[in-house]
Amino acid sequence: MSFLSLLFLALLQGLTEFLPVSSSAHLKLFHLATGTEANALVLDVAVHIGTMAAVCLYFWRDVLLTLRGIADVLCGRLRTEGAQLFLLLSLATIPAIIVGLALKLSGLAEKLDLLWLMGSTMIIFGIILYWADKRAPQTRTSWTWRDALIMGLWQAVALVPGVSRSGATITAARFLGFERISAARLAMLMSIPTILASGSLLAVDVVKEGDWSLAGDAAIAAFIAFLAALLALRVMMTLLARVSFTPYVIYRILLGIVLLIIAAR
């Protein structure tokens, strides 16, 4: 892969991973446009690491609180703020892990990689996000066990290409009445264990294949994805204080139409 393609790939992954616009759909278009392979596992692991590092840095206070919560849970202190956050994040991650393993072991994950499906889910779930954002109240900020389970189930649905992990979890949070910034924050925190889990699965595949020829490119891709994801997070969280999710919805619908047109050819 040329340096320009590598640069664009990492930027694309970093910018779209945490926005409710589906990074998988963008990467699919990238590989179609450039003719590059979509299964460079080392690069996949690298951009996962880069984006996870970005969200950890941006929400470092919450991450530190969660790490303290792990220690609290191990010591039997289950009612501390950190312990509750860790336990709720764990609960919210379980559905995606179960569904993700089922899709991978059954081989369905590869069969779902279809343009028409991506285009359809981009449009459908974009409309659902719009409806939730316009109709639901913005009154809540605190997380409960019920909230974590519901958002976790929505996150599992996002394993279908084009749905968007962040888009699905933000939609669920808005349906539950969370403020826009709180909804985005919870969705981003949920991404950390999910990216860690999916990245670990990819890393296992890398070790099995033993192909480390892209190690240098992977380091560059991870750093670029980190910077791009950090920028995307900063822009989204700043804009949400002033605007709704409507611009992302419009973008999703337009991109979905493009994908459907390409699929129909």
Side-chain angles (χ1 to χ4, degrees), residues 1 3-27 29-30 40 42-68 85-86 89 92-93 96 129 141 151 155 158 163-171 173 178-200 202-203 214-245 247-249 251-252 255:
M1 183 179 292
F3 178 76
L4 185 60
S5 294
L6 179 68
L7 174 65
F8 195 76
L9 174 67
L11 283 173
L12 195 60
Q13 176 69 24
L15 290 172
T16 60
E17 177 67 33
F18 300 118
L19 300 180
V21 294
S22 179
S23 60
S24 62
H26 287 79
L27 292 178
L29 276 177
F30 169 78
V42 175
L43 294 180
D44 283 349
V45 173
V47 294
H48 273 72
I49 292 173
T51 53
M52 187 177 70
V55 75
C56 285
L57 178 60
Y58 191 88
F59 294 101
W60 66 269
R61 291 183 180 85
D62 293 296
V63 172
L64 184 59
L65 180 63
T66 305
L67 292 176
R68 289 173 179 169
L85 181 56
F86 167 69
L89 284 173
T93 306
L129 172 58
T141 57
M151 291 178 67
Q155 183 170 241
V163 173
S164 171
R165 191 212 61 80
S166 60
T169 49
I170 287 172
T171 299
F178 281 90
E179 297 173 354
R180 291 189 180 107
I181 292 179
S182 295
R185 170 182 164 271
L186 290 175
M188 297 309 105
L189 291 178
M190 284 176 60
S191 74
I192 297 174
T194 304
I195 292 175
L196 182 61
S198 61
S200 298
L202 289 172
L214 295 175
D217 288 347
I220 296 172
F223 182 68
I224 296 171
F226 165 77
L227 293 178
L230 201 58
L231 174 63
L233 280 170
R234 180 58 183 266
V235 170
M236 182 178 72
M237 298 303 288
T238 300
L239 286 178
L240 286 180
R242 305 181 182 91
V243 299
S244 67
F245 289 104
Y248 300 109
V249 171
Y251 180 80
R252 282 184 65 106
L255 184 59

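Sequence positions, counted from 1, serve as the residue numbers for this chain.
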task: Verify side chain to side chain contact (heavy atoms under 4.5 Å, CB included) between Val63 and Tyr58, making sure each step is shown before the conclusion.
output: CA-CA 9 Å; Val63 172; Tyr58 191 88; over 6 Å; no
task: Go through the steps to decide whether Met237 and Phe59 satisfy the test side chain to side chain contact (heavy atoms under 4.5 Å, CB included), and finish with yes or no.
output: CA-CA 11 Å; Met237 298 303 288; Phe59 294 101; 4.2 Å; yes
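Not one N or O on the side chain of Arg185 forms a donor-acceptor pair closer than 3.5 Å with the backbone of Arg180. Not one N or O on the side chain of Ser22 forms a donor-acceptor pair closer than 3.5 Å with the backbone of Val163. At least one donor-acceptor pair closer than 3.5 Å links the side chain of Thr93 to the backbone N or O of Leu89.
Each of Ser164, Ser24, Ser23 was compared with Thr16 under the side-chain contact (heavy atoms from CB on, under 4.5 Å) criterion, and only Ser23 meets it.
Glu17 is not listed as a side-chain neighbour of Ser166, based on a closest heavy-atom distance of 4.5 Å or more. With contacts defined as side-chain heavy-atom distances shorter than 4.5 Å, the pair Ile49/Phe223 does not qualify. Inter-residue side-chain proximity for Val21 and Leu255 is flagged as unmet; no heavy-atom pair is nearer than 4.5 Å. No side-chain heavy atom of Leu196 sits less than 4.5 Å from a side-chain heavy atom of Ile192. For the pair Arg68 and Phe86, the minimum side-chain heavy-atom distance is 4.5 Å or more. Between Met236 and Pro20 there is a side-chain heavy-atom pair separated by less than 4.5 Å. Here the side chains of Arg234 and Thr238 are in contact, with some heavy-atom distance below 4.5 Å.
Contact record, Ala46 with Ala222: O-CB, 3.3 Å, taken as the closest heavy-atom pair. The minimum heavy-atom distance linking Leu6 with Ala221 is given by the pair CD1-CB, 3.9 Å. Contact record, Ala96 with Gln155: CB-NE2, 4.1 Å, taken as the closest heavy-atom pair. Nearest heavy atom pair, residue Leu233 against residue Val55, reads CD1-CA, 3.7 Å. Pairing each heavy atom of Ala228 with each of Leu15, the nearest pair is O-CD2, 3.5 Å.
Judged purely by distance below 3.5 Å, without hydrogens or angles, the side chains of Thr141 and Glu179 never pair a donor atom with an acceptor atom.
Atom CG of residue Leu67 and atom CG of residue Leu85 lie 10.0 Å apart, to the nearest 0.5 angstrom. To the nearest 0.5 Å, atom CG of residue Leu240 and atom CD1 of residue Ile181 are 6.5 Å apart. To the nearest 0.5 Å, atoms OG1 (Thr169) and CE (Met188) are separated by 6.0 Å. Considering CG of Leu186 and CE of Met151, their distance stands at 5.0 Å, rounded to 0.5 Å. For the atom pair CZ of Phe18 and CG of Leu230, the computed distance is 9.5 Å after rounding to the nearest 0.5 Å. Interatomic distance, CG of Leu7 versus CD1 of Ile224, reported as 4.5 Å (0.5 Å rounding).
In this structure, His48 has its ring center no closer than 6.0 Å to that of Phe226.
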